[in-house]
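Excluded from the calculations below are hydrogen atoms, water molecules and symmetry mates; all remaining heavy atoms, backbone and side chain alike, are included. No experiment lies behind these values; they were computed from the predicted model shown.
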Amino acid sequence: MSPVASGEALRERLVPWYRANARDLPWRRDPSPYHILLSELMCQQTRIDTAVPYFNRFTVRWPTIEAFAAASPDDVLTMWAGLGYYRRARLLHAAAVAAVARGGLPADPDALAELPGIGAYTAGAIASIAFGVPAAAVDGNVERVISRVDRLDADPRSKGGKQVLRVRAQAIHAPGVASEVTQGLMELGATVCTPRAPRCEVCPWADVCLARPAGDVTAYPRLPARKAAVAVRAVAGILRRDGRVLCGRRPEGLLGGLWEPVGAEIGPEEDAQAALRQAFAARAGMMAHVGPLRGQIVHVFTHRRLTVEVYEVSAEEAVGFVGDGTYTELAWLAADGDGVGWSKLAQKILAVAPVTGGHVGDTPPAAG
DNA sequence: AATCCGGGGGC
DNA sequence: GCCCCAGGATT
């Protein structure tokens with residue numbers, strides 16, 4: 001049986017490899033604490049390539065953490081629109097506000113972890129990348145590369161598994177190369193030790209990896225099977241006025257704070273048009289006439305597969321926003337979102353029932 | 001420990 | 001289609 005590689009053996013292979021193979025990412029050009037905070041929150045559960053354009057737009061609009069902290073939460077959410085996991089936008093902003101209030105982001109991982117939206121991983125990442133503190137940061141990539149090189153049979157998401165991974169990641173660290181170790185581990189997982197088709201022939205750890213000679217690299221990490229997404233049916237109504245569409249703003253939770261055309265989730269056998277009439281009455285205080293079906297879109301979340309039937313809607317008059325709790329506000333929004341930003345789901349709904357023409361300046365129904 | 005929370009790209 | 005990604009908060 002081969003011995004487990006030492007932390008030093010892993011480090012001395014990893015750091016030179018990272019220096020030679022690091023991708024050119026915008027936050028690596030100036031890895032300031034603010035830039036690393038932004039990039040880490042944006043990259044949580046999100047691909048690098050998806051986050052990069054958002055990072056660039058954020059840093060152009062808010063060049064410093066002080067400027068960002070001074071922004072309104074709604075402006076931050078608007079800029080975040082399309083990135084997903086919208087709670088991150090609120091937590092990121094709250095973290096920046098708290099950091100500025102205490103004179104800047106701390107270098108200590110424990111202090112970082114007290115800020116909103118910053119857990120054990122992100123605290124270690126900011127401490128090591130932005131401040132050079134040798135602190136472990138175990139994300140999905142690190143979980144995978146360590147599970148493979150050590151051929152760990154523990155569930156990496158269990159308490160014990162996380163503990164083993166954290167100790168192992170910490171052992172690879174050393175003073176002076178903390179940023180390279182953290183980013184190198186992630187870079188290795190992202191570009192070489194990939195989930196489905198690892199490129200072991202170019203891996204700097206090929207000579208010390210336990211899974212490679214065993215021939216079961218892709219069997220690690222030992223993750224439990226994921227539950228299937230639940231099918232959910234919904235309706236949405238496109239009610240136009242002067243080139244705008246009546247939209248509701250969602251409360252905290254799924255797509256929290258974002259706007260969408262008025263709609264409702266319905267049962268598998270429910271009458272879609274009747275349900276939509278009822279939704280307009282309960283949520284917008286409107287007696288709506290539901291017109292023709294415009295189209296049907298599918299939107300997949302982690303735990304839901306949403307099918308939305310999109311109808312044209314007309315209404316006699318607004319009788320005021322009654323509100324059954326589905327929306328916190330109502331407004332007539334133009335196709336460009338009137339500066340509030342659309343979720344990807346709302347974009348799909350609007351794409352099958354385009355809003356064109358008309359003029360601005362209409363009055364939304366009273367909220368409350 | 002289990003659940004919730006988006007969106008997208010690779011295969 | 002399926003997997004899973006620079007995870008954290010809540011219960």
Note to self: When the P atoms of C:dG8 and B:dG8 are compared, how many Å lie between them, rounded to an integer?
What the structure shows: 22 Å
Next item on the list: Quickly work out the A:L188 CG to C:dA6 P distance and round it to whole Å.
Entry: 12 Å
Notebook entry, point to check: On a whole-Å scale, what distance lies between the P atoms belonging to B:dC11 and C:dA6?
Noted result: 13 Å
Checklist line | Main-chain N/O of A:G117 paired to A:R88 side chain as donor or acceptor, under 3.5 Å | finding: no
Next item on the list: With heavy atoms under 4.0 Å as the rule, sort A:R157 into base, sugar-phosphate or nothing.
Entry: sugar-phosphate
Check: Under 4.0 Å between a side-chain N/O of A:K344 and OP1 or OP2 of B:dG8, yes or no?
Finding: yes
Check: Just to confirm, is there a sub-4.0 Å distance from OP1 or OP2 of B:dT3 to any side-chain nitrogen or oxygen of A:K227?
Finding: yes
Next item on the list: Please name the residue in the list A:R61, A:R90, A:R57 that meets the salt bridge (Lys or Arg N to Asp or Glu O under 4.0 Å) test with A:D75.
Entry: A:R61
Margin query: Is it the case that over 12 heavy atoms from other parts of the model lie below 6.0 angstrom from the CD atom of A:Q170?
Written below: yes
Next item on the list: Check whether NZ of the Lys or CZ of the Arg A:R222 lies under 6.0 Å from the centre of the six-membered ring of A:Y220 and within 45 degrees of that ring's axis.
Entry: yes
Next item on the list: Return the 5'-most residue of the pair A:R23, A:P116 with respect to DNA chain C, ranking by each residue's nearest nucleotide.
Entry: A:R23
Notebook entry, point to check: Please give, in whole Å, the distance from B:dG8 C1' to A:R196 CZ?
Noted result: 14 Å
Note to self: Looking at A:Q296, I want to see if its CD is surrounded by more than 12 non-hydrogen atoms of other residues, nucleotides or ligands under 6.0 Å.
What the structure shows: yes
Item checked: Crowding at CZ, A:R29 (>12 non-hydrogen neighbours, <6.0 Å) -> no
Note to self: Need one value for A:I118: base, sugar-phosphate or nothing, where a base atom within 4.0 Å counts as base even if backbone is also close, heavy atoms only.
What the structure shows: sugar-phosphate
Item checked: Value in whole Å for how far the P atom of B:dG8 lies from CZ of A:R305 -> 16 Å
Notebook entry, point to check: Heavy atoms under 4.0 Å, any strand shown: does A:W80 hit a base, just sugar-phosphate, or nothing?
Noted result: nothing
Item checked: Residue-phosphate contact under 4.0 Å: A:Q44 side-chain N/O, C:dG7 OP1/OP2 -> no
Next item on the list: Would you classify A:L25 as touching base, sugar-phosphate or nothing, given that sugar-phosphate means primed atoms plus P, OP1 and OP2, and contacts are heavy atoms under 4.0 Å?
Entry: base
Checklist line | side-chain N/O A:Y85 vs C:dC5 OP1/OP2, d < 4.0 Å | finding: no
Margin query: Could you tell me how far apart A:L345 (CG) and B:dC5 (C1') are, to the nearest whole angstrom?
Written below: 14 Å
Notebook entry, point to check: Distance check: side-chain N/O of A:T122 vs OP1/OP2 of C:dG8, anything under 4.0 Å?
Noted result: yes
Next item on the list: Report yes if a donor N or O on one partner sits less than 3.5 Å from an acceptor N or O on the other, where the partners are the side chain of A:R47 and the base of C:dC4; otherwise report no.
Entry: yes
Note to self: In whole Å, I'd like the distance from the CD atom of A:Q183 to the P atom of C:dA6.
What the structure shows: 13 Å
Next item on the list: Using a 4.0 Å heavy-atom cut-off across all strands, classify A:R28 as base, sugar-phosphate, or nothing.
Entry: base
Note to self: Does B:dG7 have OP1 or OP2 under 4.0 Å away from a side-chain N or O of A:H299?
What the structure shows: yes
Next item on the list: For A:S158 and for A:Q45, find the nucleotide of DNA chain B with the closest heavy atom, then tell me which residue's nucleotide is more 5'.
Entry: A:S158
Note to self: Tell me which one of A:Q183, A:E187, A:E180 satisfies side chain to side chain donor-acceptor pair (under 3.5 Å) with A:Y18.
What the structure shows: A:Q183
Next item on the list: Compare the minimum distances between each of C:dT10, B:dG6, C:dA6 and the side chain of A:R87, then state the nucleotide with the smallest one.
Entry: C:dT10
Check: To the nearest Å, how far apart are A:R226 CZ and B:dT3 P?
Finding: 13 Å
Note to self: Is A:R144 close enough to C:dC5 that one of its side-chain N or O atoms is under 4.0 Å from OP1 or OP2 there?
What the structure shows: yes
Note to self: For A:H93 and A:F68, take the angle between the two ring planes, folded into 0 to 90°, and tell me which bin it lands in: parallel under 30, tilted 30 to 60, perpendicular over 60.
What the structure shows: perpendicular
Item checked: Interatomic distance, A:D49 CG vs B:dG6 C1' [rounded to whole Å] -> 17 Å
Check: For the side chain of A:T50 and the base of B:dG8, is some donor closer than 3.5 Å to an acceptor across the two?
Finding: no
Notebook entry, point to check: Taking only side-chain nitrogens and oxygens of A:R304, does any of them come within less than 4.0 Å of OP1 or OP2 of B:dC4?
Noted result: no
Next item on the list: For DNA chain B, just give me the dot-bracket, please: Watson-Crick or G-U, both distances below 3.5 Å, ( ) intra-strand, [ ] crossing earlier pairs, | paired with another strand, . unpaired.
Entry: |||||.|||||
Margin query: Looking at A:R305, I'd like to know if its CZ atom is crowded, meaning that more than 12 non-hydrogen atoms belonging to other residues, nucleotides or ligands lie closer than 6.0 Å.
Written below: no
Next item on the list: Could you tell me whether A:T194 contacts a base, only the sugar-phosphate backbone, or nothing, with contacts defined as non-hydrogen atoms closer than 4.0 Å?
Entry: nothing
Notebook entry, point to check: Is the base of B:dG6 touched by the side chain of A:T46 through a donor-acceptor pair closer than 3.5 angstrom?
Noted result: yes
Next item on the list: Quickly work out the A:E260 CD to B:dG7 P distance and round it to whole Å.
Entry: 11 Å
Notebook entry, point to check: Nearest to the side chain of A:L255, which nucleotide is it out of B:dA1, B:dG6, C:dA6?
Noted result: B:dG6
Notebook entry, point to check: Checking all strands, does A:G189 fall into the base, sugar-phosphate, or nothing category for heavy-atom contacts under 4.0 angstrom?
Noted result: nothing
Note to self: One thing to verify: whether A:R233 and A:E270 come together as a salt bridge, which I'm taking to mean a side-chain N less than 4.0 angstrom from a carboxylate O.
What the structure shows: no
Checklist line | Most 5' of A:A123 and A:L223 on DNA chain C, judged by nearest nucleotide | finding: A:L223
